[in-house]
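Here's the structure, in structure tokens; my notes come after.
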Amino acid sequence: VDVAMRQVRDLTSYYLEIDRVRALQLGVTPQDAASALLAALGASGTVSPSYWEDPAQGTSYTVQVIAPPINLTSLEQLLNTPVRPSAGGGTVSLRAFASLQVRRIAANIDRTTLKPTITLLANIQGRDLGSVYSDIRSLVADMQSSLKPGNHIEIAGQAQAMDQAYAEMLGGLMMASIFVYLVMVVNFQSWIMPGVAMGGLPIAISGALLALFITGTPLSVPALTGLIMVIGVSTANSVLVTSFARDRLRQGETPAQAAIDAARTRLRPVLMTATAMIVGILPMALGHGEGGEQNAPLGRAVVGGLVLGTCATLTFVPFLFASFAGRVRRHTVDADDPSHHQSSVVVPGE
């Protein structure tokens, strides 16, 4: 909607063409004609302003004499403008030695690295920016082959800023996930346990995206910010459960029993943390109040992500712990049990 071109390419202009031979015969110069037109149209103040000083107050005022606009309603009336020759003599009308022509010219020309640029402005209504941007990109891709050599179409504005913001946030999210994993590797002294603790993140992310889909909220920078918050809270709760299960495993319990004890013991802290976060951010998710729709995607992503992320922390993460810890224990037992190794003794002479 509101499609408009920034450059005005067909501005109506009036071109004064002077018959120099006739003007010379009348003693009129092009400067005389220009001065008369500027005075009649009220533009002489910008070229040669005149001032009047009030002797009573000592204040100067700009003074300008123009022709009454009511008397200038057509080009024929403008051609009746009197011109006083600089060489002296009586005034002559402008039509005696000049004519006016109507032309269409470009009001402004924008350039990008010396190349003429045409800027087309447009807004969106009823749809999100991402879907409109995707449709426009497909149309532009189809038109590129039919353009003349040296011409190209570039999509800029908020769509370009959106792509840049998404790329930076996704890159930051990946880097944050990698650094969080490495920190947990140092904490757990294991390469497997951090993966178990982060095993519920895909479910938490799916919950955030599902909440955005159900509420009809498009993906945006606030929604990605809420996604980062979901990842932080879900990872913290999963680390709490995994650490407790690891301690129980070291105390001699089986992996399955350690996982069950961890989920049962850490049920209340995990639910309290998630519930407090959901209740606190629920008014933001509803989007009430002035400007509430701007932060509503953040709240909805957090609520949906924490609902499924908490369920994954208390069910899926303990299951992963029991599975991986049991497998690691079996491999350790198999490696330490001598009965699993076959050896033969060769006695000399037999």
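Quick caveat: nothing in here was measured; it's all calculated off a predicted structure.
- With values rounded to the nearest 0.5 angstrom, Leu201 atom CG is found 8.5 Å from Thr313 atom OG1.
- Met193 and Ile231 fall within the same hydrophobic cluster, defined by Ile, Leu, Val, Met, Phe, Trp and Tyr side-chain heavy atoms under 4.5 Å apart, directly or through other members.
- We find the OG-CD1 distance between Ser234 and Ile205 to be 8.5 Å, quoted to the nearest 0.5 Å.
- Taking the side chain as every heavy atom from C-beta outward, Met284 and Leu298 approach each other to under 4.5 Å.
- Val63 is not listed as a side-chain neighbour of Tyr51, based on a closest heavy-atom distance of 4.5 Å or more.
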Under 3.5 Å, side-chain donor or acceptor atoms of residues 19-31 against the rest of the protein: list the pairs with distances, not counting sequence neighbours.
residue: Asp19; atom: OD1; partner: Val21; partner atom: N; Å: 3.3
residue: Arg22; atom: NH1; partner: Gln25; partner atom: OE1; Å: 3.4
residue: Thr29; atom: OG1; partner: Asp32; partner atom: N; Å: 3.3
residue: Thr29; atom: OG1; partner: Asp32; partner atom: OD1; Å: 3.3
residue: Thr29; atom: OG1; partner: Asp32; partner atom: OD2; Å: 3.0
residue: Gln31; atom: NE2; partner: Ser35; partner atom: OG; Å: 3.3

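- Looking at Ile281 and Val303, their side chains come closer than 4.5 Å, going by heavy atoms from C-beta outward.
- Atom OG1 of Thr112 is separated from atom CD1 of Ile118 by 11.0 Å, given to the nearest 0.5 angstrom.
- When side chains are defined from C-beta on, Thr119 counts as touching Leu121, because their heavy atoms get closer than 4.5 Å.
- In this structure, Phe319 places its CZ atom where only 12 or fewer heavy-atom neighbours from other residues, nucleotides or ligands lie under 6.0 Å away.
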Might you work through the side chain to side chain contact (heavy atoms under 4.5 Å, CB included) test for Arg95 and Asn80, ending with a clear yes or no? CA-CA 6 Å; Arg95 68 171 63 252; Asn80 292 330; 2.9 Å; yes
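- For the atom pair Leu240 CG and Thr265 OG1, the distance stands at 10.0 Å (nearest 0.5 Å).
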Only pairs under 3.5 Å count here: list side-chain donor-acceptor contacts from residues 98-107, not counting sequence neighbours, and write none if there are none.
residue: Gln101; atom: NE2; partner: Glu17; partner atom: OE1; Å: 2.8
residue: Arg104; atom: NH1; partner: Asp10; partner atom: O; Å: 3.1
residue: Arg104; atom: NH1; partner: Thr12; partner atom: OG1; Å: 2.8

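- Contact record, Phe244 with Asp261: CE2-O, 3.8 Å, taken as the closest heavy-atom pair.
- Scanning both residues, Leu249 and Thr254, for their nearest heavy atoms gives CD1-C, 4.1 Å.
- Dense packing is recorded around CZ of Arg111, with more than 12 heavy atoms of other residues, nucleotides or ligands lying under 6.0 Å away.
- Within the 3.5 Å criterion, the main-chain N or O of Arg250 finds no donor-acceptor partner in the side chain of Glu253.
- Closest of all the heavy-atom pairs between Ala258 and Phe321 is CB-CE2, 4.1 Å.
- When side chains are defined from C-beta on, Asn151 does not count as touching Lys115, because their heavy atoms never get closer than 4.5 Å.
- Enclosure of atom OH in Tyr61 by more than 12 non-hydrogen atoms of other residues, nucleotides or ligands within 6.0 angstrom is indicated.
- By the 4.5 Å heavy-atom criterion applied to side chains, Val241 and Asn237 are not counted as neighbours.
- Minimum interatomic distance between Leu306 and Met277 (heavy atoms only, all atoms of both residues): CD1-CG, 3.2 Å.
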Decide yes or no on side chain to side chain contact (heavy atoms under 4.5 Å, CB included) for Ile155 and Ile136, but give the supporting numbers first. CA-CA 8 Å; Ile155 305 176; Ile136 292 179; 3.5 Å; yes
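- When hydrophobic clusters are built by joining Ile, Leu, Val, Met, Phe, Trp and Tyr residues whose side-chain heavy atoms come closer than 4.5 Å, directly or via intermediates, Tyr14 is grouped together with Leu94.
- Shown here is Arg137, whose CZ atom has more than 12 heavy atoms of other residues, nucleotides or ligands within 6.0 Å.
- At most 12 non-hydrogen atoms from other residues, nucleotides or ligands lie less than 6.0 angstrom from CH2 of Trp191.
- No path of Ile, Leu, Val, Met, Phe, Trp and Tyr side chains, each step under 4.5 Å between heavy atoms, connects Ile153 with Leu120, placing them in separate hydrophobic clusters.
- By the rule that hydrophobic residues join a cluster once side-chain heavy atoms approach within less than 4.5 Å of another member, Val132 and Met143 end up as members of one cluster.
- Counting only heavy atoms from C-beta outward, the side chains of Leu41 and Leu78 approach each other to under 4.5 Å.
- Between Ile203 and Ala312 the shortest heavy-atom distance is CD1-CB, 3.7 Å.
- Ala301 and Ala208 get closest at one heavy-atom pair: O-CB, 3.3 Å.
- To the nearest 0.5 angstrom, Ile192 atom CD1 is 11.5 Å from Leu320 atom CG.
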Let me check something: any side-chain donor-acceptor pairs from residues 216-230 under 3.5 Å, sequence neighbours excluded? List them with distances.
residue: Thr217; atom: OG1; partner: Thr215; partner atom: OG1; Å: 2.9
residue: Thr217; atom: OG1; partner: Arg300; partner atom: NH1; Å: 2.7
residue: Thr225; atom: OG1; partner: Val221; partner atom: O; Å: 2.9

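- In this structure, Tyr133 contributes its side chain and Asp128 its backbone to no donor-acceptor pair below 3.5 Å.
- At a threshold of 4.5 Å between side-chain heavy atoms, the hydrophobic network of Ile, Leu, Val, Met, Phe, Trp and Tyr places Val183 and Ile178 in two separate groups.
- For the pair Arg248 and Gln257, the minimum side-chain heavy-atom distance is 4.5 Å or more.
- Within 6.0 Å of atom CZ in Arg127, more than 12 heavy atoms from other residues, nucleotides or ligands are found, so the atom counts as buried in its surroundings.
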List the steps and the verdict of side chain to side chain contact (heavy atoms under 4.5 Å, CB included) for Thr235 and Met184. CA-CA 10 Å; Thr235 302; Met184 287 195 296; 4.3 Å; yes
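- For the atom pair CG of Leu314 and CG of Leu271, the computed distance is 5.5 Å after rounding to the nearest 0.5 Å.
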